[in-house]
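So the structure is just underneath, and the comments pick up after that.
We name chains A, B, ... by the order of the sequence lines, and we start the count at 1 in each one.
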2 protein chains.
Amino acid sequence: MVAGSGKSNGEDNGTDTSAPQIEVRTLADLARVAGVSAGTVSRALAGKSLVNTETRERIQALARQYGFRPNQMASKLRSRRTGVIGVVIPLGHEKRQSISDPFFLTLLGHLADQLTDSGYDLMLSRAIPDGTTDWLERITGSGMVDGVLVIGQSDQSKIIDRVAANYRPLVVWGNHREGQVHCVVGTDNEHGGRLSAEHLIASGARRLAFLGDTTGIEIEMRHRGAAAAAQAAGLPLTHIPVALANAEMGPQIKAALAMPDLDYDGIVCASDLIAMSALRVLYETGRAVPDDTQIVGFDDLPLAAQTMPPLTTIRQEIGDGARVMVEKLKSRIEGEDTSSLAMAPTLIRRRTTLR
Amino acid sequence: MVAGSGKSNGEDNGTDTSAPQIEVRTLADLARVAGVSAGTVSRALAGKSLVNTETRERIQALARQYGFRPNQMASKLRSRRTGVIGVVIPLGHEKRQSISDPFFLTLLGHLADQLTDSGYDLMLSRAIPDGTTDWLERITGSGMVDGVLVIGQSDQSKIIDRVAANYRPLVVWGNHREGQVHCVVGTDNEHGGRLSAEHLIASGARRLAFLGDTTGIEIEMRHRGAAAAAQAAGLPLTHIPVALANAEMGPQIKAALAMPDLDYDGIVCASDLIAMSALRVLYETGRAVPDDTQIVGFDDLPLAAQTMPPLTTIRQEIGDGARVMVEKLKSRIEGEDTSSLAMAPTLIRRRTTLR
DNA sequence: CAATGAATTACAATCGATTGTACGACGCGT
DNA sequence: ACGCGTCGTACAATCGATTGTAATTCATTG
């Protein structure tokens, strides 16, 4: 019993008695200390049953004592499994090179939670498609991740499609479109846009405006839904493009809403952030919400409940979305095929609309 | 000359003529195609000068043609450099297992930008110190990252200190404290708290309240600064702890501010989010801001400019902070030593205070 | 008592790229 | 024509863990 003890402190007791100061960096080091082979140590630490229970516990104790942790690179190289999921945010049409969209950030937080719970690490990449079209391949082909999640398609849908044709473990957050190859999870944005406009109409609005830049497909679909609802009711809908970037948004909205020939009593906003800005602009210009002008946001971020008055908005289930994305990705890693999912958004009635 | 060429296309031209469909996954594969050795391919792709210009370009062209990308795991293992920085958010005293704090999320976004620009990848870990004390070692000791950034100390300062004693490339966002071993970058929270209270006092407030839970050291220091300013002016400051978690925050603040025996005309808030909630509660209870009650936030998140009225707040330079953190981390990776930095916060006057 | 087999453990190949060193070819000067 | 330096490339060791297979030990049984 305690076979290794004699060995370990028998060899190097020339200097000091308690010898926990040998550097134990590698499996081989620990194997030497334990008096076994590296392979055995590997199996012992992995908890495999092939190794004697007693030996295993002894080795595990030694590992703890020396604070030994196996090198992940070596492990991942050999086992051909990295335990890492790449999360990519393509900054497509957005000029500013910064991850700032609170919706994406919130989704990212939820993804981090889900992935951690599934035992995966998360590698975050900000991709700026600067003309090059291989920003995704750079990640999928690096051998560094077991799968990839893309947050938002931006205007890179075709590139994603091309990659997805050869790379299976890929799930995208965004708007599903006919004929799309890649697996996408997201909200039914058109439906959301329709809900928004319909609610405004039902609340008495007769002259609608849509606030948001429709370069990205998600917002384009929201606009389409709103436009469809307006058309069905025989009402006009004016499209006012405003950037998503926070800095420019305020002034842009201010300028847009102050246009003298623009007439509106109901605003469909492409995001809660836009709605919040609009709310402020309207307040400053003396228009009462919801009495003079009604507003509906999109996303239902936590802050939507904190505006004044609290924002009526279209809720996207971010937490559910993250969970579904991770589930589908895991299935795909297992080799299964998964279909896209468009989740139904819901209207959250608060106080920026009359009903 | 071209010793290997006979080998490569002599063997496998039996099937088809144009052969771009050979799987080229490894350096060796590409070497075979190019008729050179793996070592040469490695050097060619790395752009080393040891290899003939012509050969190099030929190999690079082939790599592009076959869409070859070297396996990162192997590369990192051999070169003992991962090009990855771990970013950890310790969820210390926060019960909810979710990354949601918008300030941290924003900082994370900036860090992602900075790290990307420096050629690093970012590996995100959410750490829930559930009794165990090795959540940091698990990351630093894994051999998977070249350095680690910790976002927020929470109540784990001692553990971080212990790790920092043996692990150099570590930089923390948080509040510097005397005798702290690890390198921390952050705002001078005490100063910020003082600025906040002083401004309220200068604006005429006489009965102060502090809204925020002081379990984390950052907020504790903000409270301390505010308390010092109040004491210096001979004024009272009531401490009202409220959680940071969004869900509970609203009702908690509502209950707290409605306490009948609580008297206040100036509120120091521990964060913009808290301030925003307070703003709403005050509005609902019919107290005018800033005329009846003045409020100062903390952080100066983008949304602070969008509240109604726009929020006077203490600005933390998140972008600068991220830049400094990454710079210091790079220095430490190079082996240099770096000192902590407490950045001076600034008061941003908007409309929730009278001056 | 030898043979069989179960349980452990050692040995060695492997994952794929990097890098130091050795080797061959070429041009040059004398 | 021979020796020498330069340039380019091949060869092989290496990073550190994993894993299939061989080898060892020990108990058991015909």
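For the pair B/T55 and D/dT9, the criterion of a side-chain N or O lying under 4.0 Å from OP1 or OP2 is met. The shortest distance between the side-chain N/O atoms of A/S42 and the OP1/OP2 oxygens of D/dT18 is below 4.0 Å. In this model, the phosphate group of D/dG16 is not approached by any side-chain N or O of A/R78 to a distance below 4.0 Å at OP1 or OP2.
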Scan the side chains in residues 43-52 of chain A for donor-acceptor partners under 3.5 Å anywhere in the protein, sequence neighbours excluded, and list what turns up.
residue: A/N52; atom: OD1; partner: A/E54; partner atom: N; Å: 2.8

I'd like a table of donor-acceptor pairs (distance under 3.5 Å, sequence neighbours excluded) in which one partner is a side-chain atom from residues 327-340 of chain B, with atom names and distances.
residue: B/K328; atom: NZ; partner: B/S339; partner atom: O; Å: 2.8
residue: B/K330; atom: NZ; partner: B/S118; partner atom: OG; Å: 3.1
residue: B/S331; atom: OG; partner: B/E327; partner atom: O; Å: 3.2
residue: B/R332; atom: NE; partner: B/R168; partner atom: O; Å: 2.8
residue: B/R332; atom: NH1; partner: B/D337; partner atom: OD1; Å: 3.4
residue: B/R332; atom: NH1; partner: B/T338; partner atom: O; Å: 3.2
residue: B/R332; atom: NH1; partner: B/T338; partner atom: OG1; Å: 2.7
residue: B/D337; atom: OD1; partner: B/R168; partner atom: NH2; Å: 3.0
residue: B/D337; atom: OD2; partner: B/R168; partner atom: NH2; Å: 3.3
residue: B/S340; atom: OG; partner: B/V184; partner atom: N; Å: 3.0

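The NZ atom of B/K48 sits 7 Å away from the C1' atom of C/dT18 (whole-angstrom rounding). Rounding to whole angstrom units, CG of residue B/L30 and P of D/dT9 are separated by 14 Å. In this structure, B/R32 atom CZ and D/dC11 atom P are separated by 13 Å, rounded to whole Å. When the P atom of C/dT19 is taken as reference, atom CG of B/L45 falls 13 Å away, rounded to whole Å. Whole-Å rounding puts the B/L77 CG to C/dT18 P distance at 11 Å. The CZ-C1' distance, from B/R25 to C/dA17, rounds to 13 Å in whole Å. At whole-Å resolution of the value, CZ in B/R80 and P in C/dA17 are 19 Å apart. Atom CG in B/L27 sits roughly 5 Å away from atom C1' in C/dA17 (whole-Å rounding).
Inter-residue side-chain proximity for A/L149 and A/I151 is flagged as unmet; no heavy-atom pair is nearer than 4.5 Å. The side-chain heavy atoms of A/M144 and B/K76, taken from C-beta on, include a pair separated by under 4.5 Å. Side-chain contact check for B/Q156 versus B/V88: every heavy-atom pair is 4.5 Å or farther apart. Between A/R126 and B/D117 the shortest side-chain heavy-atom distance falls below 4.5 Å. A/L62 has its side chain within reach of A/L30: a pair of non-hydrogen atoms, C-beta onward, lies under 4.5 Å apart.
In this structure, the side chain of B/D146 engages the main chain of B/G83 through a donor-acceptor pair within 3.5 Å. Of the possible donor and acceptor atoms, one in the side chain of B/T116 sits under 3.5 Å from a partner among the backbone N and O of B/A112.
Rounded to 10 degrees, the angle between the two end axes of the helix from C/dC1-D/dG30 to C/dT30-D/dA1 is 70°, with five pairs used at each end.
A salt bridge does not link B/R323 with B/D113: every distance from a Lys NZ or Arg NE/NH1/NH2 to an Asp or Glu carboxylate oxygen is 4.0 Å or more. We find that A/D29 and A/R25 are not joined by a salt bridge, their nearest charged nitrogen and carboxylate oxygen being 4.0 Å or further apart.
Contacts classified as salt bridge (Lys or Arg N to Asp or Glu O under 4.0 Å) and involving residues 156-167 of chain A (residues at least two apart or in different chains) are given here: A/E137-A/R162.
Place B/S79 and A/A38 on DNA chain D by their nearest nucleotides, and B/S79 ends up nearer the 5' end.
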Kindly give the atom pairs (protein nitrogen or oxygen, nucleotide nitrogen or oxygen) under 3.5 Å for nucleotides 21-24 of chain D.
none

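Using a 4.0 Å cut-off on heavy atoms, the residues of residues 67-74 of chain B that approach DNA chain C are B/F68, B/P70, B/N71, B/A74, listed by number.
Using a 4.0 Å heavy-atom cutoff across all strands shown, A/S37 reaches at least one base atom of the nucleic acid. Using a 4.0 Å heavy-atom distance criterion, A/T26 is classed as a sugar-phosphate-only contact.
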